Structures are given as structure tokens and as C-alpha cells.
Amino acid sequence: MNNLQQKAQQLLESGNYGLIVGYEKGTSGKARPVFIRKAEHASKLIFDESCDQNIAVYLYRQEIKHDKKKVIVANHHTLKSIVELAAENQVFDGDFMVLAFAENGDIIELNTFKEIEKHVATLYHGLTEAEAAMMKKIEDMSLEDRWAFWENEFSKCIKCYACRASCPMCYCPTCTVEINQPQWISVPSHTLGNLEWHVMRAMHLAGRCVTCGQCGKACPLELPIQLLTYKVALDSKQFFDSVAGTSICADNALAIYKPEDHENFIR
Amino acid sequence: METQNIYLPYLMQIDKVSEDAPFVKTFRLKFINPEDEANFSFQTGQFGEYSVAGVGESTFCIASSPTRKGYIECTFRKAGRVTTALSDLEEGNTIGFRGPYGNVFPIDEWKGKNLLFIAGGIALPPMRSVIWNCLDLRENFKDITILYGAKSVADLVYKHELREWDERPDVKLVTTVDPGGETHDWTGEVGFVPTILDKMAPKAENTIAIVCGPPIMIKYTFPILEKCGFADEMVYTTLENRMKCGFGKCGRCNVGKTYVCKDGPVFSLKQLKQMPDEY
Amino acid sequence: MERKLLTKDSYRSLITKLIGQNYQVVAPVKKDTMIDFLKISSFDEITEDYIVTVSSAKTVAFPRNEKLFDYEKQNKKLTQQDYDFDSIPQSVLIGVRPCDAFGFHSLSSIFCWDSIDKIYTTRLERTTIIGLSCNKADDYCFCTSAKGSPGSTAGSDILLTKMTDGNYIVEIVTEKGAKLVADFSDLFTADGGADKESLLAKVAANFSVDDVLAKINSKFEDEAFWTEQAMRCIGCGACAYVCPTCACFDIQDESHGGKGHRVRCWDSCGLSLFTLHTSGHNPRENQGQRWRQRLMHKFSYMPDRLNTIGCVGCGRCSRACPVDMNIAEHCMSIIEN
Amino acid sequence: METNNTNSFEPKVVAFVCNWCTYAGADLTGTSRIKYATNVKIIRFPCTGRIDFMLLMKAFANGADGIIISGCHPNDCHYTSGNFHARRRWMIFRNLLDFIGMDVNRIVFSWVSAAEGAKWAEVVNESVDQFRQLGPATAYQKLIKNSEFQEVE
């Protein structure tokens with residue numbers, strides 16, 4: 001039994017905690033979310049590079065939202081999302097404990113939002129090299145090529161909403177796509193409606209996206225839709241020096257303003 | 001129109017619009033194509049898909065009786081996208097109608113029996129079809145009693161027909177409104193439908209009860225019928241669930257393995273009790 | 001079953017000729033990062049480097065958006081333009097895995113349940129399905145647990161099995177298949193008697209779907225069981241959209257000005273608004289109930305009402321699932337619990 | 001106007017304006033008898049803060065070739081801060097559209113006060129010229145046409 005499993009076992013045996021949300025080994029070497037309620041199942045827990053899924057999405061799930069004896073095993077994406085969810089009052093201080101990991105693999109217990117915020121400050125915020133390269137590749141294209149690129153990508157979207165469902169920040173009980181008076185976005189999945197859907201999704205994540213890339217990872221058709229939310233996240237940083245998932249204050253880029261905000265396109 | 005396309009609606013002209021209660025309207029619809037009218041027939045209890053081009057389709061029952069030929073009627077409350085669009089229409093507009101779908105009230109089996117209709121609120125329309133059907137074949141049945149309740153006096157639908165039934169010597173009509181919903185000149189009962197039913201203490205012998213109303217009314221009405229001695233197979237109701245197709249394909253309306261669109265919408269209490277609690 | 005042989009060169013000629021004769025040829029194509037069924041205009045676009053495609057072959061008969069008819073509004077008048085059945089092309093669908101091919105059987109049983117959906121049936125009638133046996137499988141495959149096999153002929157009009165020399169064993173399954181072979185008889189040669197079985201992928205049968213069928217009805221009321229099963233499920237529609245047998249759909253109007261069309265498009269029982277009434281009441285209001293509907297539909301309702309299983313064991317839903325809801329595992333847990 | 005190939009093309013333009021400044025400004029343009037291009041359909045909003053980006057998407061989806069958005073100058077918002085919020089949103093939105101390959105020159109943003117009737121005429125005329133130069137929004141129109149029906153590609 002490794003540290004994490006031992007820790008989980010202790011927590012469950014202590015009776016102070018009743019549920020551990022973490023990762024287990026899934027099909028074909030993939031990791032997947034798991035819900036451990038019994039100490040004897042603690043050995044299912046894993047934590048390695050394969051555990052890159054953002055599982056903050058489960059924290060406000062109807063079935064466990066009000067369970068105050070829960071623990072979440074958090075990778076750095078999940079940690080940032082928790083901070084952002086805290087800023088938006090979707091999760092509440094003291095409702096859960098976080099098990100995070102130090103560089104050397106040591107388990108860190110984080111009990112309050114302040115502690116989480118402090119820990120998150122030590123993490124790297126920004127895109128990975130590979131992600132940055134993908135962004136650059138698209139930004140370097142001509143306008144026409146960019147349009148052609150996205151037109152091709154959007155034409156493949158089947159509107160399964162896996163991107164929305166897997167995003168911790170997409171917690172609205174009724175999404176704009178589900179509003180039908182008026183019907184903002186077409187229900188059938190044609191390119192035009194798909195484009196509108198993905199633009200809308202990105203816009204609604206402006207200043208809130210923690211660049212975990214979970215939307216792109218979730219897409220069964222592997223559309224690089226995470227780049228859209230990365231774009232709004234990078235712009236929020238560049239224009240407003242706002243990085244989502246760093247502060248538990250509700251001050252995301254589009255929720256506040258400064259009179260001195262500077263642009264160069266308004267006549 | 002000859003078509004193999006089961007999704008293609010009949011074109012219907014709105015012949016008459018009547019406002020029955022706040023936000024509730026009844027349309028009388030006539031077939032635009034005489035061939036469609038000639039080929040069309042339905043039985044009481046069935047439903048259809050009504051559509052406004054550019055907006056979509058919505059499911060509700062046919063509220064008129066099959067004994068009244070030449071038109072169909074539907075009653076709806078302005079609630080969602082389609083019913084809002086429908087209620088914006090006026091006489092002379094064209095809408096689409098697909099149907100009839102679903103099963104029927106077994107009125108042939110009810111010959112020689114007393115009938116007790118119990119309806120609440122906007123659930124009178126599905127019942128109205130069968131009430132008129134039975135009244136048009138009045139000699140087939142013994143006593144006919146109608147208990148109808150709504151939130152307030154204004155919410156009672158088909159007010160002129162209620163008056164008509166009230167005046168008929170061969171129908172016993174009891175109307176009731178929820179406490180607080182009465183007006184100063186209200187002469188009917190005041191109280192919830194199950195309470196009034198309890199007070200009426202209907203005789204179960206040789207009687208069929210047809211119940212239709214909001215879930216909460218249904219929930220409290222069944223035990224009272226049971227108390228009065230109604231057997232499960234003597235009690236009928238009609239269910240509704242969200243539907244898109246109307247013929248067992250779109251996958252929405254099933255309650256367990258029972259498809260409301262194909263096996264229903266009419267169910268006896270006996271059938272209902274065998275269905276899982278998923279409606 | 002009649003067997004023939006098709007050399008790899010003849011296979012190329014066959015496809016090239018079909019395209020030349022204006023058949024719509026749909027085949028697995030590598031596009032960007034994925035392999036999916038697409039219309040091809042040359043043989044070289046085809047790939048055979050897949051276990052299964054991402055989306056299922058159902059799109060040929062049940063596309064994700066299907067225009068049902070057109071309408072035009074002018075003042076109070078409404079006119080409708082019926083579906084143009086002549087517009088459905090003669091198609092040849094190639095590279096279909098046996099699981100996918102069998103999926104059409106389940107799909108047809110839904111679309112032909114009393115009311116015949118002529119749009120679907122015409123599309124399928126005008127499609128000749130050339131299956132391709134599986135020579136490899138992965139951890140997600142479980143066809144052998146769901147009454148299928150990597151070399152099953154059921155559902156295909158012709159089944160090809162690739163031999164080690166690159167040529168194909170041809171099994172002629174239906175009259176439609178026989179007609180296609182007859183139309184191009186010069187390309188097919190006599191069967192060499194190769195052992196098909198040895199060429200097929202090995203898929204272990206970890207459970208029997210009959211056990212799921214026998215057990216699942218008794219689990220309906222066990223709410224805790226379904227809640228636990230669906231804890232991980234995040235409620236997207238990926239599983240249903242890639243499934244070869246999922247037929248649930250939505251009907252929507254699309255219009256520009258006074259003109260438009262009614263469209264049938266895919267929908268999923270996993271989405272929370274699927275059964276929501278206008279009143280706000282939702283018969284399946286939590287994910288456990290929705291997940292139960294998905295499994296019950298496949299393993300109880302369809303067997304009971306339509307005499308067919310709603311799962312062919314292709315494993316697509318599990319591959320597409322962002323949270324690895326592996327349907328085979330869930331089936332096994334139904335049997336075990 | 002001066003280019004040959006777009007000579008006959010007149011862009012369809014939608015202007016989303018706020019009630020308190022630009023709409024009043026446009027009114028002044030009219031009462032001052034200043035002439036300006038007739039391509040514009042003006043849609044009045046309570047505030048620029050209310051002009052959701054989805055409305056712009058819908059304008060394009062319904063065949064607009066260009067869009068003008070205009071409201072109160074910074075610090076002049078009737079509701080104090082609506083235009084400040086709007087400005088942030090536009091900064092993000094404009095870059096996002098550029099990222100997906102839409103020509104952001106099809107959207108003109110401006111501040112026009114109730115006293116700037118002449119400026120409104122200038123903004124409209126110059127925008128219409130700009131949209132005329134850009135030609136019809138063909139890329140988007142192709143999508144509109146394709147939304148008719150999609151089969152196996």
C-alpha cells in the first residue's frame with residue numbers, strides 16, 4: 001500500500017470522513033474517477049501521470065454536494081478549479097478536504113480555501129510547451145486558414161456536450177443551449193450552430209477557464225476546443241492581468257472592470 | 001396527401017379560437033386537404049403532435065369527441081415554446097397535425113355502466129373527448145357524474161360546456177375550486193377534488209371511474225376511490241410524458257418498458273400499479 | 001454460405017468501379033486525428049488501420065441531422081414540401097465491422113416498430129453493407145459477450161476477411177450482396193478454402209449478455225445500485241451518439257425567414273433535459289435514473305418489446321466516454337450484484 | 001465605392017446601440033438633417049452592457065455583412081458601468097473571433113454621445129464603406145447554406 005492508499009484508509013477508518021473522490025485504474029491503462037466509501041477499497045486509489053483529469057466537477061454533484069465528510073484527491077488542474085469554484089460560491093469552505101501532492105510526492109492536506117489558495121500560488125499557471133505550440137500554430141495562420149481550420153473542426157462536432165459536462169466551471173443548471181425562447185443555438189449539429197456553441201462556451205469561460213484542457217480531452221472526436229478557452233484565458237491575463245484559479249475572490253476578468261482598461265479599436 | 005413520410009403533418013386551418021381560461025385556448029381545426037379529412041379517423045383518448053412551422057411540435061390530446069365529425073379540437077395552456085407560438089396564432093392560420101397516436105378509452109366495454117369522471121385543472125380537455133363521446137351515445141350508459149375542480153373560478157375551462165352539462169338532466173355535474181379560489185357568486189363546491197370526492201362517496205358498484213389531473217390530485221384521488229370500493233381495473237387515467245415522435249421511436253416517454261405513446265396514454269389503475277414509479 | 005475470393009487489386013478495382021458508377025461509397029477514412037466513416041472519391045482514402053471507427057456506421061441510415069420535410073410560410077398560408085425519397089443515393093458502405101453491421105438489426109427494429117420510418121428504411125435498403133472481419137481487438141471490445149463475434153456475418157450483405165497475403169475471403173450473406181457480386185463477377189474468383197477462423201481477432205467472452213438480461217429487471221427498483229453505477233457519469237451524450245444501436249432523437253425546426261425545415265437529430269437519454277416536462281417535472285431527474293434508462297433500454301426494454309438486444313459489444317461508448325464508464329464492466333456488475 | 005468588383009454590393013449592416021447616448025445621437029443626426037448611409041438597421045438596447053455577443057453571432061447568422069456597436073463614452077454610462085463591462089467583453093470577444101478566423105473588421109465599435117450627431121453619421125458612413133470594401137460575408141454565408149443539411153461528408 002502506498003502513502004495515498006494508507007492515508008485514505010486512515011481517513012475512512014477514523015470515521016471523520018466517509019467518501020474519497022480520487023482516481024483508480026481504468027480501461028487500457030487510463031485513469032478514471034472513483035468514489036471510495038469503504039476503508040477496504042482504499043487500495044483502488046492511484047495517483048500518477050495518468051491522473052490528469054480535472055475531477056472538481058464532482059464536488060458540486062447533486063448526490064454528494066451536501067456530504068460534508070468528503071475528501072478529494074486533487075491534481076493541479078483540480079486544485080485550480082476548486083479555487084475558481086470557491087470564488088464563484090459553488091463550493092463552500094469546510095465542505096471537503098483536499099489531498100494534494102508536493103513535488104516530491106508527499107501528501108499535503110488542505111482543509112481550508114485559504115490553504116488551497118496558498119498552495120495553488122506555488123503551482124505553475126499557464127500553458128504547457130506543447131499547448132503553447134498549438135496556440136502559436138493557429139495564431140500564425142492566415143485569417144483564411146484559421147477559418148478553414150475551425151470550419152473543418154466544427155463540422156465534426158456532434159454536440160454531445162461532453163466538453164460542457166466535463167468542465168468544472170460549466171455548472172449552470174440551465175445552459176444557454178437549452179434556452180429555447182429564443183433558440184440561441186441550433187439543436188441539430190451543423191457547422192454554423194456548432195461554431196456558435198463553441199464561441200458561446202468559450203466566451204462564458206472568459207476569465208474563468210483554468211486551462212486544464214479537460215474539454216478537449218473529453219471530446220470523443222478530439223476537437224482541439226480547449227484552444228478556444230485557452231485563448232480567452234490568455235487574453236484575460238494579457239489585457240486584465242486576471243488568471244482564473246488563483247484567487248478565491250470573485251474578481252474574474254469579465255465580472256469586474258477598470259476605468260483605465262485599454263483597447264485600441266473603439267472609435 | 002399521399003405520403004410515406006410518417007413525420008409529415010396534415011395541414012390544418014384554425015377555424016375557431018376560444019379562450020377558455022387565463023393562458024388556456026381551444027382551437028377548432030379543419031383539414032385543408034379534403035382527402036386528408038376523408039382518410040382521417042380517431043377514437044377517444046388518442047393524442048397528436050401539433051406544430052407551428054419554424055417553432056416545433058408539441059404533444060397533446062384530441063379534446064373533441066370522435067362523434068363530432070369534420071373537425072378536431074385541441075386545448076392547451078401557454079407554457080413552453082410551441083404552445084406560446086400556438087397561442088399567438090389566430091383564426092385562418094395554418095398549423096400542422098400528426099396523429100392520431102396511442103390507445104383509446106375502452107368505451108365499448110363500459111356499456112350499461114355508470115360513469116364517474118374526475119378531472120382537475122387543465123386535465124379536463126383529454127376527459128372532454130370521452131365525456132362528449134359518452135354523452136353522444138347517452139343511451140349506452142347509466143348514470144354519468146362529472147367532478148371537475150380547478151385552482152380558481154377563472155381557471156375552470158370550457159365554462160359554457162360546464163353550464164350545458166349542468167343543465168342536462170342526464171348528467172350530474174359537481175364543480176369545485178380550491179379554497180381561496182372562489183368568487184362571491186360561486187355556487188359550486190369549495191375544496192380540493194379528493195376532498196369533494198370523499199364527501200360525494202360515489203358508489204363503486206357497476207361504475208367506471210375516469211381520473212385525470214395533476215400528479216398530486218391523482219395521488220390523493222386513487223386511495224379515496226379504493227376506499228369507496230373501486231377495483232383497480234374499474235379506474236382509468238391518461239398519462240402524459242414528454243414525446244417527440246408519438247410512435248415509440250424517440251425514446252422519451254417510456255415508463256419502464258411501457259411506452260406512453262404506444263401502450264398508453266390510457267391506462268387502468270391496474271396497469272398503472274404494475275408500472276415502475278418513473279413518471 | 002457461398003464463399004469467393006477477392007484479391008487486393010480486385011478490391012481496388014471494385015471500389016473504383018463503384019465510385020465510377022456513381023455509388024455513394026462510404027468508408028473508414030483517417031481525417032485529422034480520427035478514423036471515421038466518410039464519403040470517399042478514391043480508393044486510396046480508405047484505411048484499414050482501425051479497431052472500430054469513432055462514430056458508428058449508423059450515420060448512413062440515421063444521420064445525425066435528417067431533414068424530414070421543408071415548409072414555407074406566406075402570411076397565413078403554410079405549404080409543405082415532402083421528403084424527397086429519390087434524393088437518397090445508392091450507397092455502398094465498406095469496412096463495417098461485424099458489430100456495427102449487427103447494429104443495423106437493432107436500429108431497424110426500432111424504426112420499424114409498427115410505424116415504418118420510410119426515411120430510415122429507404123436509406124438502409126439502398127445501402128449495400130460490405131463488412132470486414134476484425135483481425136485485432138482491444139480492451140474495450142466485448143462482442144463475444146453480446147452474441148457477436150469478430151467474424152460474424154449477421155447484418156452484412158457481404159463479409160470480407162483479410163488474409164495474410166492481403167487478399168480477402170468473401171462471404172456472400174444476402175441477396176443484395178449476391179447481386180453486387182454478380183454485377184462485378186469478373187473481379188471475384190473461386191474460394192481458395194482458407195481458414196477464416198484463424199484470421200480473426202480473439203475476443204474473450206467475459207460474461208454472457210443472457211445473464212444480464214435475466215438479472216437486470218430485478219435491479220430496476222434498486223436505486224442505490226444505479227446511483228453508485230452512475231456516480232462517475234457526467235451526463236453528456238457521447239455514448240449515445242457513437243452507439244450503433246442508439247436511436248433516440250429530437251425533432252426541431254430550423255428556419256431562415258419564412259422558409260425552413262423540420263429536422264430529426266440525435267438525442268441522448270443521458271442528458272438531463274431529455275425527459276423534462278414544460279411544467280418542470282422530470283420523470284428521470286437524477287443521473288442514476290438516466291443511466292438505468294440507458295442500460296434497461298438496451299438490455300430489458302428492447303429484448304422484451306422488440307426481441308433484440310440493444311448492444312452489440314463494439315465498446316464505442318466506453319472508448320468515447322470522458323470518464324471511462326465501461327459498459328462491459330457495468331454489465332458484469334449487474335450480474336454479480 | 002471606388003473598387004470595381006464590389007461596386008454593386010451594398011452591405012447589410014446592423015447597428016446595436018444604447019438607448020441613452022448613441023440612439024439619441026442618431027436621432028440628432030436625423031433632426032440635424034445630416035445624411036448618412038441607409039444600409040443600417042438600428043437596434044436599440046438599454047445599455048451596451050446588455051448587448052450580448054450572441055446577438056452579434058445571430059446577426060451574422062441571419063445574413064449581416066457588418067455590425068456597428070455603439071454606446072456612451074466611458075464614464076458617461078447611464079447605469080454607471082455598463083459600458084466598462086461591455087468594453088472588457090468586446091476586447092475578449094473580438095480577439096476570439098479573430099482566433100477562429102473571422103474578420104473583425106466586420107464589427108465596428110464606437111462611443112457616440114447624444115450630442116455627437118455628426119460623429120454618428122461619420123461612423124456609419126465610414127463603417128459602411130469599410131464593409132463594402134470587405135464585400136459580402138461569404139465565409140459565414142457558406143455556413144448558413146450548409147446548415148440546411150449535413151449528411152455523411
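In the text below, chain A, chain B and the rest are named by the order of the sequence lines, each starting its count at 1. A quick note: this is a predicted structure, and the numbers were derived from the prediction, not measured.
Contacts between residues 69-94 of chain D and chain A, defined by a heavy-atom separation under 4.5 Å, are made by D:Ser81, D:Phe84, D:His85, D:Arg87, D:Arg88, D:Arg89, D:Trp90, D:Met91, D:Ile92, D:Phe93, D:Arg94.
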**Request:** Show your working on side chain to side chain contact (heavy atoms under 4.5 Å, CB included) between D:Met57 and A:Leu195 and close with a plain yes or no.
**Result:** CA-CA 10 Å; D:Met57 301 298 289; A:Leu195 176 141; 3.4 Å; yes
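Residues satisfying the side chain to side chain donor-acceptor pair (under 3.5 Å) test with A:Glu144, not counting sequence neighbours, are none.
Using a 4.5 Å cut-off on side-chain heavy atoms (C-beta onward), A:Arg267 and D:Glu122 make contact. Within the 4.5 Å cutoff, side-chain heavy atoms of D:Met54 are placed close to those of A:Ile185. Proximity of D:Lys58 to A:Glu196: side-chain heavy atoms (C-beta onward) are separated by under 4.5 Å at one or more points.
Here the closest non-hydrogen pair linking D:Leu143 and A:Glu151 is CD2-OE2, 3.6 Å.
By number of non-hydrogen pairs under 4.5 angstrom with chain D, the leading residue of A:Thr176, A:Leu227, A:Asp145 is A:Leu227. The residue among D:Val123, D:Asp98, D:Asp103 with the most heavy atom pairs within less than 4.5 Å of chain A is D:Asp98.
Around the CD atom of A:Gln181, the shell of radius 6.0 Å holds more than 12 heavy atoms that belong to other residues, nucleotides or ligands.
At a 4.5 Å heavy-atom cutoff, the contact between D:Tyr140 and chain A is made by backbone and side-chain atoms alike. Heavy atoms of D:Val108 lying under 4.5 Å from chain A belong exclusively to its side chain. Proximity to chain A (any heavy atom under 4.5 Å) is shown, for D:Leu55, by both the backbone and the side chain.
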